[in-house]
Amino acid sequence: MSDRAPEPATRAGADAYRPQEIEPRWQAAWDAEGLYRVDLEDASRPKHYFLTMFPYPSGNLHVGHWYAETPADAAARYLRMKGANVFFPMGFDAFGLPAENAAIKAAREGGDVHPASLTRERIAFMTSQFKRMGAMFDWSRTLATCEPDYYRWNQWLFVRMFERGLAYRKESYVNWDPVDQTVLANEQVVDGRGERSGALVERRLMPQWHFKITDYAEELLDFSGLDWPERVKTMQTNWIGRSQGAEVTFRAEGDGDGGEAIEVFTTRPDTLWGATFMVLAPEHPLVERLTTPDQRDEVQRYVEQAGRMSEIDRQSETREKSGVFTGAYAVNPVNGARVPIWIADYVLVTYGSGAIMAVPAHDERDFAFARRFGLEVVPVVQPPGSDLTDGSEMDEAYTGDGVMINSGPFDGTPTGKGEGAGDGIARVIAWLEERNLGRRKVTYRLRDWLISRQRYWGTPIPMLFCDACGVVPEREENLPVLLPEDVAFMPTGESPLKHHERFLNASCPSCGGPARRETDTMDTFMDSSWYWFRYLDPGKDDGAVDRRLAARWTPVDTYTGGIEHAILHLLYSRFFTKAMRDMGLIDEDEPFVRLRNQGMILGEDGEKMSKRRGNVVDPDELVARYGADAVRAYLMFIGPWDQGGPWNSQGIEGVVRFLNRVWTLHTEDAEPGDAGEQRVAELRRAAHTCVAEVSEDFEAFRFNTAIAELMTLQNAMSKLKNAGLVAHPSWSEATSLMIRLLAPIAPHLAEELWHRAGNARSVHLESWPEVDASALVETTIDMVVQVNGKVRGRVTVPADADETTVLEAAKADPNVVRWLENGTLRREIVVPGKLVNLVIG
RNA sequence: GCCGGGAUGGCGGAACGGUAGACGCAGUAGACUCAAAAUCUACCGGGGAGACCCGUGCGGGUUCGAAUCCCGCUCCCGGCACCA
């Protein structure tokens with residue numbers, strides 16, 4: 001391959017660093033020799049599947065893409081030099097709202113834009129931009145989710161899910177625009193109104209497809225064996241929201257004995273005796289039946305008003321509690337108390353049973369509600385050291401542990417869950433179960449995944465409605481159900497599939513009779529919930545996943561992407577992996593072993609980059625001006641990767657200067673002379689310290705300090721260069737180390753310097769340098785001497801000096817001597833190699 | 001309101017409980033230049049002539065020693081489904 005490598009522009013001498021000339025030349029050479037094409041069958045090295053989240057083809061790579069991809073590329077390159085066979089693919093998450101919106105906008109303005117051609121053009125353009133990053137993506141295996149050979153397998157997987165009962169249809173609320181007669185995404189609802197029509201958006205129930213992610217709630221709480229950031233695990237755990245408690249049945253009064261059963265869930269069954277009222281969610285199915293005639297108008301008004309509010313509005317403000325009385329009463333099953341039934345929007349129909357028992361004395365929200373509407377407050381838990389018995393004296397709810405009071409047979413029982421803390425909760429549950437009044441229950445906050453979208457630009461859900469057979473999945477051999485491209489977009493945004501006769505009319509896969517196709521498409525999170533399996537063999541046409549390659553290459557070893565995906569995408573991917581395992585398609589439990597998230601890159605003003613603010617940084621311009629290596633290195637240098645931060649157009653100049661100095665260091669001649677043992681040791685120490693530090697930093701994804709260490713080495717080498725060292729073997733050793741350390745960060749510059757140094761083979765085929773521990777050894781060390789924790793002197797001692805010697809030296813320092821005269825020496829602390837602290841008093 | 005994260009020089013940021021400010025940007029002075037740019041050298045938290053004193057959002061605490069650990073706040077960023 002070396003004979004195809006281009007000849008460096010100049011052999012020696014001081015020609016300038018010209019990234020614009022070097023970079024395209026090496027990119028072409030790497031491409032020509034297939035340097036980054038991975039042999040998935042190569043078992044001679046350990047495999048490493050390094051995946052970064054694929055982008056939506058928005059039209060242009062912005063600097064945020066560079067921030068996500070180039071440090072990931074550096075990490076992948078590091079692993080490759082460490083000896084792994086690294087698979088680092090890239091593709092496009094190509095379905096989605098923006099392309100469809102462009103088509104709808106064009107339809108309104110009399111133009112003609114199709115999401116398919118628009119998306120394909122954008123993918124082609126962004127791919128060409130990607131190639132200028134100098135990343136080692138393996139473009140021989142790429143994919144776009146909008147292509148039939150990909151979404152066919154979305155459909156195939158959907159049918160498998162349906163067959164297993166993991167995909168099902170039920171009614172769910174959508175945002176309904178009554179003017180445009182269409183469903184809106186949350187982001188299309190602004191201040192409760194349709195973005196386009198301005199109409200007040202209604203919440204409307206519609207039958208829609210869901211995935212049963214809740215079946216996996218318990219397993220999804222288990223992160224063992226995963227090297228994920230704590231904050232992501234915490235966020236997912238809180239999102240799943242496991243609550244342990246009891247389900248208790250209350251009965252509405254009336255209609256002879258019994259009346260309507262109203263199930264409630266509570267985590268505090270020990271407070272049951274303090275339940276003085278009940279609250280139903282406005283959407284609760286029993287609301288209409290329970291409401292008494294005199295309250296009907298008021299209740300109806302409240303329900304309508306709650307229905308008009310978007311979920312975001314319902315919880316965004318810190319509003320005063322609102323609610324309305326139904327006129328009905330229920331009986332508290334534990335003490336027979338008559339409790340009024342209210343309706344309030346702070347109770348959600350989607351959580352628990354959509355109804356609660358309200359214990360105002362021991363729940364903050366119930367307390368606020370009771371005070372607002374003058375409802376009874378009965379304390380049933382006495383805080384330790386208190387003689388509380390009267391609810392009217394309470395200023396706030398008491399939610400802690402204590403001793404049960406006003407609780408019939410349980411008076412005097414300590415509440416709490418810990419061992420020895422009392423077991424009020426467990427004893428009450430046992431008591432309820434004995435009397436068949438309630439039962440132990442675990443509830444999750446997690447809801448099933450609503451996968452239906454009333455949109456065009458997505459994977460058609462491969463289901464049919466037959467008058468004779470009902471809901472029927474399309475036959476496997478008829479997949480894919482093609483998304484028709486000859487469609488007319490509606491100015492209202494309504495899905496054109498609803499009016500596409502050839503698409504709509506089909507024959508029933510079961511009876512052959514006439515059937516109508518489902519016009520809903522899939523949530524695009526479906527596309528990204530299994531795509532890493534597909535990269536292994538994107539063209540495979542006899543199955544979704546190549547099982548043999550999957551067994552060898554998955555799970556993904558390292559996954560990187562934005563923190564904004566901490567919950568949904570990552571949770572759906574974990575669910576899908578488990579579901580695919582249970583369908584017998586793969587053998588692993590988790591998709592991503594190691595996860596690292598980058599923060600967000602902000603505009604120069606510290607705000608999110610947006611066209612409106614005019615603070616968008618264009619990477620193409622930067623590359624033209626400074627070169628890809630400089631952009632890469634600056635993005636890595638800007639700060640900790642997981643924190644993100646503002647772009648600084650002056651900051652990149654510093655990195656450009658650094659790369660220039662590196663260039664000069666390695667290309668300019670210097671006078672050879674007598675090196676001297678001490679200088680050689682100094683050079684070798686600097687070089688090997690840098691190897692140690694940069695290696696450690698790469699392991700920890702600390703790119704900013706890795707570059708700082710390289711800058712330090714550059715400074716040291718530039719100083720030593722003219723001291724006659726250039727002809728010494730340690731100089732070429734240091735040079736070789738430095739170029740290899742730089743290779744993951746600035747791959748083009750490193751390659752050019754590597755070849756100029758006389759190497760024929762690519763630096764990217766070299767192995768990562770090893771630290772020579774003997775180069776790090778020092779004969780003397782400087783130690784700090786503190787008196788009472790404040791630095792009062794410094795001493796130089798032999799590296800192997802024992803404690804006594806160190807203390808002697810410390811106490812001999814003239815300034816320290818002065819300080820010691822101010823008191824009696826009480827204590828001597830020696831931190832080997834670091835400092836001495838002399839405590840006087 | 002809840003969940004997660006954060007706060008260190010003029011700026012981006014460094015710092016296994018052990019010399020706060022590595023590395024860089026900006027700035028100041030000098031060298032080179034007719035001059036400028038580029039490059040190179042030195043300085044660069046505040047106060048003080050100095051010994052020193054002050055200093056990591058605020059208030060406490062633990063420790064020989066705290067940016068770092070604990071308790072209580074303030075403000076900022078991100079997410080959210082008032083989660084019973």
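Since we're looking at a predicted model, the values are computed, not measured. Proteins come first, then strands; the chains are lettered A, B, ... in the order of their sequence lines, and each starts at number 1.
If you measure from atom CD of A/Glu247 to atom P of B/C83, you get 20 Å, rounded to the nearest angstrom. Separating the CD1 atom of A/Ile240 from the P atom of B/G79 is a distance of 20 Å, rounded to the nearest angstrom. Counting to the nearest Å, the P atom of B/A38 and the CZ atom of A/Arg18 are 19 Å from each other. Atom CG in A/Leu602 sits about 11 Å away from atom C1' in B/G78, given to the nearest Å. Between the P atom of B/A38 and the CD atom of A/Glu668 lies a distance of 18 Å, rounded to the nearest Å. Rounding to whole angstrom units, CZ of residue A/Phe658 and C1' of B/G24 are separated by 11 Å.
Residues in residues 227-246 of chain A take part in these salt bridge (charged side-chain N to carboxylate O under 4.0 Å, His left out) pairs, two or more places apart or across chains: A/Glu218-A/Arg242, A/Asp227-A/Arg596, A/Glu230-A/Lys233. Sorted by first and then second residue, the salt bridge (charged side-chain N to carboxylate O under 4.0 Å, His left out) pairs involving residues 824-837 of chain A (not counting sequence neighbours) are A/Lys811-A/Glu828.
With sequence neighbours excluded, no residue forms a side-chain hydrogen bond (donor to acceptor under 3.5 Å, both in side chains) with A/Thr780.
Within 90° of 0 lies the glycosidic angle of B/G9, which makes this nucleotide syn.
Here the side chain of A/Arg445 is nearest to one of B/C83, B/A84, B/C52, namely B/C83. Comparing B/A81, B/C82, B/G4 against the side chain of A/Trp239 picks out B/A81 as the nearest. For A/Lys790, taking side-chain heavy atoms from C-beta onward, the closest of the listed nucleotides B/C64, B/C54, B/C52 is B/C54.
Taking atom P in both B/C58 and B/U63, one finds a spacing of 23 Å when rounded to whole Å. Taking atom C1' on both B/C53 and B/G5, the two are 36 Å apart, rounded to the nearest angstrom.
Using a 4.0 Å heavy-atom criterion, one finds that A/Arg792 contacts the sugar-phosphate atoms exclusively. Residue A/Arg231 is classed as a sugar-phosphate contact, given heavy-atom separations below 4.0 Å to backbone atoms only. Among the atoms of the strands shown, none is found under 4.0 Å from any heavy atom of A/Thr664.
Heavy-atom distances to RNA chain B give each of A/Gly651 and A/Glu230 a nearest nucleotide, and the one nearer the 5′ end belongs to A/Glu230. When each of A/Tyr444 and A/Asn788 is assigned the nucleotide of RNA chain B bearing its nearest heavy atom, the one mapping closer to the 5' terminus is A/Asn788.
Between A/Tyr346 and B/A84 there is no side-chain polar atom (N or O) within less than 4.0 angstrom of OP1 or OP2. Neither OP1 nor OP2 of B/A84 sits under 4.0 Å from any side-chain N or O of A/Thr443. Contact between the side-chain N/O atoms of A/Arg365 and the OP1/OP2 oxygens of B/C82 is not found at any separation under 4.0 Å.
No cation-pi contact links A/Arg632 to A/Phe703, judged by a cut-off of 6.0 Å to the six-membered ring centre and 45° from its axis.
No more than 12 heavy atoms of other residues, nucleotides or ligands sit less than 6.0 Å from atom CD of A/Glu364. Heavy-atom contacts from other residues, nucleotides or ligands closer than 6.0 Å to CG of A/Asp395 number 12 or fewer.
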Q) Could you run down nucleotides 10-22 of chain B 5' to 3' and tag each one B, S or - for protein heavy-atom contact under 4.0 Å? A) --BSS-B-BB--B
Q: Report, as a single string ordered 5' to 3', how protein heavy atoms within less than 4.0 Å touch nucleotides 39-49 of chain B: B base, S sugar-phosphate only, - not at all.
A: SS---------
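Salt-bridge formation is detected for the pair A/Arg439/A/Glu263: a Lys NZ or Arg NE/NH1/NH2 atom is positioned less than 4.0 Å from an Asp or Glu carboxylate oxygen. In this structure, A/Arg203 pairs ionically with A/Glu283, as a charged nitrogen and a carboxylate oxygen lie closer than 4.0 Å.
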**Q.** Watson-Crick or G-U pairs under 3.5 Å in RNA chain B, rendered as dot-bracket with [ ] for crossing pairs and | for another strand
**A.** (((((((..(((.....[....))).(((((.......))))).(((....)))..(((((..]....))))))))))))....
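A donor and an acceptor atom never sit less than 3.5 Å apart when one is taken from the side chain of A/Asn238 and the other from the base of B/C2.
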